[in-house]
J.: 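Structure in structure tokens, see below.
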Amino acid sequence: MSIEPRASVAPERVLPTPAPMAPETAAQQRVVERICARVAPAGVDVGVAELPPGGLQVWIDTPVPIAEQESWVLYHRMAREVALVGWHCEADADRLLVLGWSAACLHNRVRLLQSGLRRLADFEPTAQRAVQLDGRDPGDAPATRLVDEVCAAIKRRLRWPERLAELDGFERSSGLPHLQLLLAQVAGLEAKMAAACEEHLVMARVLARAVIEHHARHGDPARARRDVLAESRRWVHASSMIRVTATARPITTGAGRPHMSLAERRIAASVINHGVPRATPVAVTPRVAPVDLGEGAR
């Protein structure tokens with residue numbers, strides 16, 4: 001009996017494995033996911049993946065269908081927030097494309113950070129919100145929880161702490177020198193912004209706790225808010241003055257003025273005649289007799 005020889009089996013085709021994502025692209029993806037998740041409404045999932053030519057693509061990854069107009073609005077909102085980091089974005093009704101660094105977007109971020117730092121030089125709005133306890137009564141909750149809730153509300157109003165937290169662990173760089181300089185300027189301004197926001201939060205915590213302590217002694221919420229705000233206005237005003245002085249350009253060469261903590265500012269505000277300009281001698285101007293120019297000079 002003859003047996004037909006078995007045909008040779010073709011080797012199993014092995015599909016090529018996708019190339020691993022570069023570390024900088026993976027870090028960029030995490031940042032974009034955080035930003036888009038904050039912008040997206042509740043119940044809407046967002047997908048982020050690498051774009052083969054370079055960059056990232058973002059799409060709405062939710063089983064619930066969304067109208068074209070709503071998706072267009074959502075993608076453009078995401079594009080606005082992502083572009084605030086400094087990336088060039090393109091959005092339509094189908095997806096959002098996040099491409100490379102943009103000099104125009106980085107310049108815009110520099111302007112926003114500088115404007116935010118100028119606004120944070122004024123501590124009065126934060127002080128007023130802190131003594132109001134976010135509309136709560138000092139006896140509504142335990143002191144620790146109430147202070148935490150007030151600080152959380154003020155932190156949301158500041159907005160920058162949340163935006164800066166989305167960039168944690170992300171090292172930004174570029175092969176182009178002018179973009180690298182812009183990124184370095186942005187990083188420096190972000191460090192100043194984080195420190196300024198922390199000062200506001202520390203002050204809010206101090207004032208909120210002071211209102212609760214005053215209320216525990218007197219039992220009058222209005223009086224507690226009024227007394228704490230009146231007491232704080234001296235060192236709040238001094239904090240603004242010291243902040244402007246510390247950021248001013250020094251007249252003489254030498255080491256820069258050290259940064260003052262909140263406790264040091266309160267001590268400075270309690271000094272007698274703090275912030276009162278010194279009396280300067282009046283310059284004596286010699287009296288000059290009027291000169292008769294004559295009719296021809298008139």
Side-chain angles (χ1 to χ4, degrees), residues 38 84-85 109-136 138 143-170 184-214 224-250 255-276:
R38 170 172 56 86
L84 289 179
V85 180
R109 186 169 183 82
V110 168
R111 289 192 295 268
L112 288 175
L113 288 166
Q114 291 173 340
S115 176
L117 287 172
R118 287 192 295 268
R119 289 195 300 269
L120 289 179
D122 184 11
F123 289 84
E124 183 69 21
T126 301
Q128 293 181 356
R129 294 190 184 101
V131 299
Q132 293 299 325
L133 300 181
D134 198 27
R136 305 279 296 278
T144 303
R145 191 178 74 182
L146 186 56
V147 170
D148 291 341
E149 293 175 354
V150 171
C151 291
I154 292 178
K155 186 175 182 179
R156 289 192 298 269
R157 286 179 175 271
L158 293 176
R159 299 183 64 183
W160 277 105
E162 184 179 11
R163 288 178 173 176
L164 296 179
E166 294 170 346
L167 298 172
D168 286 345
F170 180 50
Q185 184 181 10
V186 166
L189 290 172
E190 287 176 352
K192 294 181 179 179
M193 177 64 72
C197 291
E198 184 62 25
E199 288 180 352
H200 280 254
L201 294 176
V202 169
M203 184 186 66
R205 183 173 297 275
V206 171
L207 295 184
R209 186 170 294 277
V211 170
I212 296 174
E213 293 174 353
H214 278 60
R225 295 187 178 98
R226 183 175 61 253
D227 292 349
V228 171
L229 187 59
E231 181 183 357
S232 67
R233 277 197 171 123
R234 292 179 300 167
W235 56 274
V236 167
H237 176 65
S239 298
S240 302
M241 291 173 49
I242 295 170
R243 187 183 185 90
V244 173
T245 305
T247 56
R249 184 182 299 274
R257 182 171 184 171
H259 181 74
M260 300 186 69
S261 65
L262 185 63
E264 292 172 332
R265 295 182 182 197
R266 297 189 67 175
I267 295 173
S270 63
V271 176
I272 300 176
N273 295 332
H274 179 81
V276 179

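All values derive from a computational prediction rather than experimental measurement. Just so you know, these numbers use all the heavy atoms, side chains as well, and skip hydrogens, waters and symmetry mates.
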J.: List the steps and the verdict of side-chain contact (heavy atoms from CB on, under 4.5 Å) for E190 and L167.
T.: CA-CA 10 Å; E190 287 176 352; L167 298 172; 3.7 Å; yes
J.: Residues two or more places apart in sequence or in another chain: which of them pass side chain to side chain contact (heavy atoms under 4.5 Å, CB included) with L112?
T.: L84, N108, W160
J.: I need the I154 CD1 to C197 SG distance, nearest 0.5 Å.
T.: 11.5 Å
J.: Pair E231, D227 - check side-chain contact (heavy atoms from CB on, under 4.5 Å), show working.
T.: CA-CA 6 Å; E231 181 183 357; D227 292 349; over 6 Å; no
J.: Sequence neighbours left out, cut at 3.5 Å: what donor-acceptor pairs do the side chains of residues 126-134 make with other protein atoms?
T.:
residue : atom : partner : partner atom : Å
T126    : OG1  : H200    : ND1          : 2.7
Q128    : NE2  : E124    : OE2          : 3.1

J.: Could you report the tightest heavy-atom contact between A196 and L117, atom names first, then the distance?
T.: CB-CD2, 4.2 Å
J.: Which pair of heavy atoms, one from P138 and one from V211, lies closest together, and at what distance?
T.: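 Closest pair (atom of P138, atom of V211, distance): CG-CG1, 4.3 Å.
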J.: Minimum heavy-atom separation for F123 and E199, please, with both atom names.
T.: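 So the two residues come closest at CZ-OE1, 3.6 Å.
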J.: Which distance, rounded to the nearest 0.5 Å, do you find between the CZ of R163 and the CE of M193?
T.: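 R163 CZ to M193 CE: 9.5 Å, rounded to 0.5 Å.
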J.: As a quick check of understanding, evaluate side-chain contact (heavy atoms from CB on, under 4.5 Å) for L158 and L201, giving each step before the final call.
T.: CA-CA 9 Å; L158 293 176; L201 294 176; 4.2 Å; yes
J.: Going by the rule side-chain hydrogen bond (donor to acceptor under 3.5 Å, both in side chains), which residues pair with R225 if we only count those two or more places apart in sequence or in a different chain?
T.: none
J.: Applying side-chain hydrogen bond (donor to acceptor under 3.5 Å, both in side chains), name anything that partners R119, two or more places apart in sequence or on another chain.
T.: S115
J.: Under the side-chain hydrogen bond (donor to acceptor under 3.5 Å, both in side chains) rule, what pairs show up with a residue in residues 149-159, not counting sequence neighbours?
T.: R136-E149
J.: Can you list every pair that meets salt bridge (charged side-chain N to carboxylate O under 4.0 Å, His left out) and has a residue in residues 204-214, with sequence neighbours left out?
T.: D148-R205
J.: Got a second to check how far K192's NZ is from Q114's CD, nearest 0.5 Å?
T.: 9.0 Å
